[in-house]
Every structure is written in structure tokens, then in C-alpha cells.
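A note on names: the letters A, B, ... follow the listed sequences, proteins ahead of strands, and every chain is numbered from 1.
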There are 2 protein chains.
Amino acid sequence: MGQATNSKTGQSKAAPSKGAELAELRRRLESYMDSEGLRSTEQRRAVTEEFFRSKGHLTIDDLLAQVRKENPKVGYATVYRTLKMLADSGVANERHFNDGLSRYEIAHLGHHHDHLICTECDAILEFEDEEIERLQEELARKKGFQLTRHKHELYGHCISPKYCRKDKK
Amino acid sequence: MGQATNSKTGQSKAAPSKGAELAELRRRLESYMDSEGLRSTEQRRAVTEEFFRSKGHLTIDDLLAQVRKENPKVGYATVYRTLKMLADSGVANERHFNDGLSRYEIAHLGHHHDHLICTECDAILEFEDEEIERLQEELARKKGFQLTRHKHELYGHCISPKYCRKDKK
DNA sequence: CTCTCTGCAAAGCCTTTGCACGGCA
DNA sequence: TGCCGTGCAAAGGCTTTGCAGAGAG
């Protein structure tokens, strides 16, 4: 992939800025809602804004709590349904780590990533490793499989106690 | 670890035969039950036998159905509790793939493995890849993490339609 | 005889759904 | 005004738990 540099921002196309990526996701959502005839309501805007404002990996409860700070009348089911909509439109990914909850993260454009999860402070880091992805493909081919997706989660704890505290979250 | 060969069976210690591994697991379970003061009941024996007889990755329903063929009076909760006991003793691993069900597999002695799952025929293959494990460790170290466990699942479908059929399971 | 185990049913937990009302377009 | 969206509450689906009776040691 080329490293075409944007002369205005200094950002390359291969790694667009956070802001540019969010703008693209908003456009994607808008066109999805248009094409599906979905309406823009106060609740959907509230949930969507809170979602984009977040750092991702939120549970439905997390998000609902945030949304209700500004908009106390929003219901449980609406958040569920709105997040499903965000996932269907491709701007959110639903994830299931080992706590039995659904979490939603902001989608990344054009590349997959996996997660490193601290079981002490609940931090969730994202990672990408091309070499591992390549080995996975190779392995699947050897076993006679065509891969469609994968799930790779590394659990452990931050080495530095300074940044790893139960109360940090 | 050495490659001492067993003169009787030709099996090396590093890769014990299936039968030898099962025998070791049974011993492990027995000593666990002894140490915890757990009793050997007809139901526990039935569930445990069926579990060891299986090829693993069974859901609780799968196992209960099997057990009830011989022993119709066994209850749901007993199977849950017995499988928890098997997991606690280290002879079973609880796994959660993407269907919301708990599955139990026969533990392997001294080595970790991951899974390749066919979303067409529901086949579950195990794999081990030292290179991937090494890269994981390296990656975690770079991110300042100490790994304790991981979950690596590859989803796809068998390339050969001959061996990949919905009705196969 | 004591203390654990079992089976049933109920309760938990999270997610999904049905339905009447409310509000976009 | 016609429909879609919302909120509430109930229903689902799987797992866990409480309890009285059964059974191992």
C-alpha cells in the first residue's frame, strides 16, 4: 500500500487521522440510514454521539449511563437497537470478551485488529500484527480451511503497577 | 524436556498416546476428588465416563443427551456441576466459541492449543503453532504486558465440500 | 449417622421482542 | 397523516442456586 502524503495535514492515506476517520464513519452511517429509510431521532443522535465520543469497548450499560446523564429518558432497548444499527452500518463492531457482556468499539477503516486485555485494571489495548495474520492464513490453508474471520485475545496484566490499578477504570 | 522413549510402547514422554494421557487425567481427577473430599456417585461416574469417551468440545446438552441414553434420570444441574468439577480438577477446559454455549474439551497435558472452527459444518479442529505463540509473547512484552492466557479462534469453512456438510455433525 | 449430592424448579443475567403510544418526515 | 421509533415490561436462552429428599462413606 502506498504512503501518499496529504500535503495539508501531513497524514498519510494509509493512516488517516482520528478525526478524518470519524468523519468518514459519520458519512457511512448517514448514507446507511438514508438507504434503509431509518430516521434520525433525538435518542439515536444521543447514543451515536456518545459512542463516537467514547474510546470504544463500551458495554451497553456504560453507554446507557453516559447517555442518561444528558438524556435521562432514554430506554434500555433503544440503546440495544441503536448499537445494532451502528454495527449493521459498519461503524461499530460488536465484541465479546470473557465477561459475558457485549461491547461495542468504533470500527477501523480497512484493517482488522485484535485485543490485549488487562485482567487487573480492565484496560483494553488494540494490536495489529501482520506476521501473526500471515501465519494464521498459512495454518488454515494447511488444514484445508478458508478463513472468514478470527478472534485473537491476549489476557494478562500491565507490567507497570503505576499504570495498572483496579480503580483506574 | 527430554525425548525419553518408552521401550514397551515406542511412545515418547513428550507425546504420550491418547490412552496414556486419558489414564493420567483419570488419576488427576481421582486425586483431586480425594483431596477435596468429593464423593464418587453413579451420576458423576456416568458424566465423567461419557466426557472421556467423547472427542471433546461438547455442549452441556450434548453431554446430557448422551448420558441420558444410559441413565435417563440424570438432571441438568448435575451435568453442569460435574463439568465444573472436571474443569476445577484440570481434566476439562471450558471453552466459549461464538454461539453463546459453554463447551467442554478434554484437557491436554502440558501444552496449550487453539481452535479452527468451520461455520458450515460445525467441525472444530485444534491447532498448536509455536511461532504464533512466540509472536504473541513478543507483542505483549512490547506493550508492557505480562500474558497469563489467550484465546485464538479461526473461523472459516472447510475447502473440500466433500468433508464439509451441514448434516455431518 | 452425617454430610455431600441430586433433581427439580426458581432465580439470575444479559439480550431480544411485543405492543401501544409518541414523534419524524 | 402514515409509519417508524421508543419505552416499558415480559419473554427468551443459558447458567446458577436453594432446598428437601436420597445416598455415599
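Distance NZ (A:Lys84) to P (D:dG5): 16 Å, rounded to an integer number of Å. For A:Met33 and D:dC4, the CE to P distance is 14 Å, given to the nearest whole Å. Straight-line distance from the NZ atom of A:Lys73 to the P atom of D:dC8: 11 Å, rounded to whole Å. What separates CG of B:Asp99 from C1' of D:dT15 is a distance of 14 Å, to the nearest Å. Following rounding to the nearest Å, B:Asn71 (CG) and D:dA22 (P) show an atom-to-atom distance of 17 Å. Taking atom CG of residue B:Asn98 and atom C1' of nucleotide D:dC14, one finds them 16 Å apart after rounding to whole Å. Between B:Leu101 atom CG and D:dC14 atom P the separation is 6 Å, expressed in whole Å. Going from atom OH of B:Tyr80 over to atom P of D:dT16 covers 7 Å, rounded to whole Å.
Counting Ile, Leu, Val, Met, Phe, Trp and Tyr side chains that sit under 4.5 Å apart, directly or through other members, A:Phe127 shares a hydrophobic cluster with A:Leu116, A:Leu125, A:Ile132, A:Leu135, A:Leu139, A:Phe145, A:Leu147, A:Leu154, B:Leu116, B:Leu125, B:Phe127, B:Ile132, B:Leu135, B:Leu139, B:Phe145, B:Leu147, B:Leu154.
A:His157 and B:Gln146 share no donor-acceptor pair across their side chains, judged by distance under 3.5 Å alone.
OP1 or OP2 of D:dT15 has at least one side-chain nitrogen or oxygen of B:Ser102 nearer than 4.0 Å.
Reading DNA chain C from its 5' end, the first and the last nucleotide to sit under 4.0 Å from a heavy atom of chain B are C:dC3 to C:dC8.
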Open item on the list: Pair B:Glu128, B:His113 - check side chain to side chain donor-acceptor pair (under 3.5 Å), show working.
Closed with: CA-CA 5 Å; B:Glu128 279 183 76; B:His113 68 268; over 6 Å; no
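When side chains are defined from C-beta on, A:Asp114 does not count as touching A:Glu153, because their heavy atoms never get closer than 4.5 Å. Side-chain contact between B:Lys84 and B:Glu94 is present, with at least one heavy-atom pair separated by less than 4.5 Å.
Listed nucleotides: D:dA24, D:dG5, D:dT16. Nearest to the side chain of B:Arg39: D:dA24.
Here B:Leu63 contributes atom CG and B:Arg68 contributes atom CZ; the two are 11.5 Å apart, rounded to the nearest 0.5 Å.
In terms of position on DNA chain D, the residue among B:Thr41 and B:Arg81 whose nearest nucleotide sits closer to the 5' end is B:Arg81.
A ring-ring contact (aromatic ring centres under 6.0 Å, His included) check over residues 58-81 of chain B, counting only residues at least two apart or in different chains, returns the pairs B:Tyr76-B:Tyr80.
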